[in-house]
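Basis for what follows: all heavy atoms, side chains included, without hydrogens, waters or symmetry-related copies.
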Amino acid sequence: MALLSILRYPDPRLHKLAKPVTDFDDRLKQLIADMAETMYEAPGIGLAATQVDVHQQVIVMDTSDTRDQLRVLINPQIVWASDDRQVYEEGCLSVPGIYDGVERPSKVRVRSCDVDGNSHEFEAEGLLAVCVQHEMDHLKGTVFVEYLSPLKRNRIKSKLLKEERELKKERHPMAAR
């Protein structure tokens with residue numbers, strides 16, 4: 001297994017559309033293992049392949065308190081969403097240190113494939129519903145900050161770009177001269 005690099009907003013690769021998985025092979029199993037290791041190490045509760053610059057419809061998530069209930073969603077689809085909505089404070093491994101409220105359906109029914117290509121459905125509510133919708137947005141090229149006002153989004157973008165510049169200066173002090 002290997003830790004993967006997580007793309008940071010506003011990296012344009014975060015806006016690429018993910019393609020459906022067609023080959024349920026060893027390469028896919030390796031990607032899932034690497035994504036799970038990366039998510040747990042970060043630490044996060046969900047990670048979409050788009051966030052590690054792999055543009056396939058693959059999500060790993062674990063919303064359990066014990067961090068031992070990995071879910072793998074391949075080619076996920078929301079087949080039903082409640083009219084009932086809730087605002088949840090969301091964060092994202094691609095937008096480190098930023099949290100804000102996003103309104104989403106409070107319950108969803110999801111159909112996806114497992115690592116062997118078998119189709120399954122499950123209903124989600126609460127944190128699991130939020131996480132599923134958040135990660136599925138990544139597969140469509142959407143980052144949660146895009147639900148925020150343009151002013152908030154621009155402030156976040158500026159803050160993260162400034163942090164990136166500072167990190168580069170720390171890593172390469174001679175280049176900053």
Side-chain angles (χ1 to χ4, degrees), residues 4-24 27-29 31-40 42-64 67 69-96 98-148 152-153 156:
L4 305 171
S5 293
I6 298 172
L7 299 177
R8 284 175 54 119
Y9 181 80
D11 192 307
R13 294 172 290 180
L14 288 168
H15 299 294
K16 288 179 81 171
L17 287 178
K19 292 180 171 41
V21 170
T22 55
D23 296 325
F24 293 82
R27 190 194 60 72
L28 177 64
K29 289 180 175 90
L31 172 64
I32 290 166
D34 292 345
M35 285 176 61
E37 182 180 4
T38 302
M39 176 193 69
Y40 285 124
I45 62 169
L47 186 67
T50 301
Q51 293 176 269
V52 293
D53 203 20
V54 175
H55 303 283
Q56 291 191 295
Q57 294 179 10
V58 179
I59 293 169
V60 295
M61 55 193 336
D62 186 343
T63 57
S64 70
R67 312 289 288 147
Q69 295 174 31
L70 182 69
R71 286 181 182 260
V72 176
L73 309 180
I74 301 169
N75 302 334
Q77 298 175 297
I78 293 177
V79 295
W80 172 84
S82 67
D83 293 333
D84 214 30
R85 299 179 70 80
Q86 67 183 5
V87 175
Y88 230 92
E89 188 89 353
E90 294 187 26
C92 181
L93 295 175
S94 291
V95 192
I98 306 295
Y99 300 88
D100 212 319
V102 176
E103 184 178 294
R104 299 183 185 274
S106 59
K107 294 180 183 177
V108 292
R109 184 176 304 120
V110 180
R111 179 182 304 129
S112 68
C113 294
D114 64 18
V115 72
D116 297 314
N118 300 311
S119 182
H120 300 279
E121 276 191 28
F122 67 96
E123 287 201 15
E125 61 183 302
L127 180 59
L128 181 59
V130 171
C131 189
V132 166
Q133 293 172 83
H134 176 109
E135 299 307 332
M136 286 181 67
D137 276 352
H138 279 298
L139 301 180
K140 295 180 249 170
T142 301
V143 180
F144 91 96
V145 296
E146 291 164 42
Y147 289 101
L148 308 178
K152 278 187 178 181
R153 196 169 44 249
I156 291 166

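No side-chain heavy atom of Glu125 sits less than 4.5 Å from a side-chain heavy atom of Asp84. Side-chain contact between Glu123 and Val79 is absent, with no heavy atoms from C-beta onward closer than 4.5 Å. Under the 4.5 Å side-chain criterion, counting only non-hydrogen atoms from C-beta, Arg71 is not in contact with Val132. A 4.5 Å side-chain heavy-atom check between Thr63 and Gln69 finds every atom pair outside the cut-off. Residues Met35 and Gln51 are not in side-chain contact: their nearest non-hydrogen atoms beyond the backbone lie 4.5 Å or more apart. Phe122 is not listed as a side-chain neighbour of His120, based on a closest heavy-atom distance of 4.5 Å or more. Between Asp100 and Val145 the shortest side-chain heavy-atom distance does not fall below 4.5 Å. Ser94 has its side chain within reach of Leu14: a pair of non-hydrogen atoms, C-beta onward, lies under 4.5 Å apart.
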Run Arg104 and Tyr88 through side-chain contact (heavy atoms from CB on, under 4.5 Å) and show every step you take. CA-CA 8 Å; Arg104 299 183 185 274; Tyr88 230 92; over 6 Å; no
Can you check salt bridge (charged side-chain N to carboxylate O under 4.0 Å, His left out) on Arg8 and Asp11, steps first, answer last? CA-CA 6 Å; Arg8 284 175 54 119; Asp11 192 307; over 6 Å; no
Apply side-chain contact (heavy atoms from CB on, under 4.5 Å) to Val130 and Gln86, showing your working. CA-CA 9 Å; Val130 171; Gln86 67 183 5; 3.5 Å; yes
Does the pair Val52 and Asp34 meet the rule for a side-chain contact (heavy atoms from CB on, under 4.5 Å), with working shown? CA-CA 10 Å; Val52 293; Asp34 292 345; over 6 Å; no
Using the side-chain contact (heavy atoms from CB on, under 4.5 Å) rule, take Tyr147 and His134 through it: C-alpha gap first, then chi angles, then the decisive distance, then the call. CA-CA 11 Å; Tyr147 289 101; His134 176 109; over 6 Å; no
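Closest approach of Cys131 to Met61, counting heavy atoms only: SG-CE, 3.0 Å. Across all their heavy atoms, Pro76 and Ser112 have their closest contact at CA-CB, 3.8 Å. Across every non-hydrogen atom of Asp116 and Phe24, the tightest pair is C-CD2, 4.0 Å. Heavy atoms only, all atoms of each residue included: Thr50 and Leu7 are closest at O-CD1, 3.5 Å. Considering every non-hydrogen atom in both Val115 and Leu28, the closest pair reads O-CD2, 4.2 Å. Counting all heavy atoms, side chain and backbone alike, Gly141 lies closest to His15 at O-ND1, 2.9 Å.
Going from atom CG of Leu93 over to atom CE of Met39 covers 9.0 Å, rounded to the nearest 0.5 Å. Distance check, rounded to the nearest 0.5 Å: NZ of Lys107 to CD1 of Ile78 gives 15.0 Å. Note: Asn75 CG to Ile59 CD1 = 10.0 Å, rounded to the nearest 0.5 Å. Here the NE2 atom belonging to His55 is positioned 12.0 Å from the NE2 atom belonging to His138, to the nearest 0.5 angstrom. Taking CZ from Arg67 and CD1 from Ile45, the interatomic distance works out to 7.5 Å, rounded to the nearest 0.5 Å. How far CH2 of Trp80 is from CD of Glu121: 12.0 Å, rounded to the nearest 0.5 Å.
Heavy-atom neighbours of Lys29 NZ from other residues, nucleotides or ligands within 6.0 Å: above the threshold of 12. Other residues, nucleotides and ligands contribute at most 12 non-hydrogen atoms within 6.0 Å of the CG atom of Asp83.
For the pair Gln56 (side chain) and Ala49 (backbone), a donor-acceptor distance under 3.5 Å is absent. Looking only at distances, no side-chain donor or acceptor of Gln77 sits under 3.5 Å from a matching main-chain atom of Arg111.
Applying the side-chain hydrogen bond (donor to acceptor under 3.5 Å, both in side chains) criterion to Glu37, with sequence neighbours excluded, gives no partner residue.
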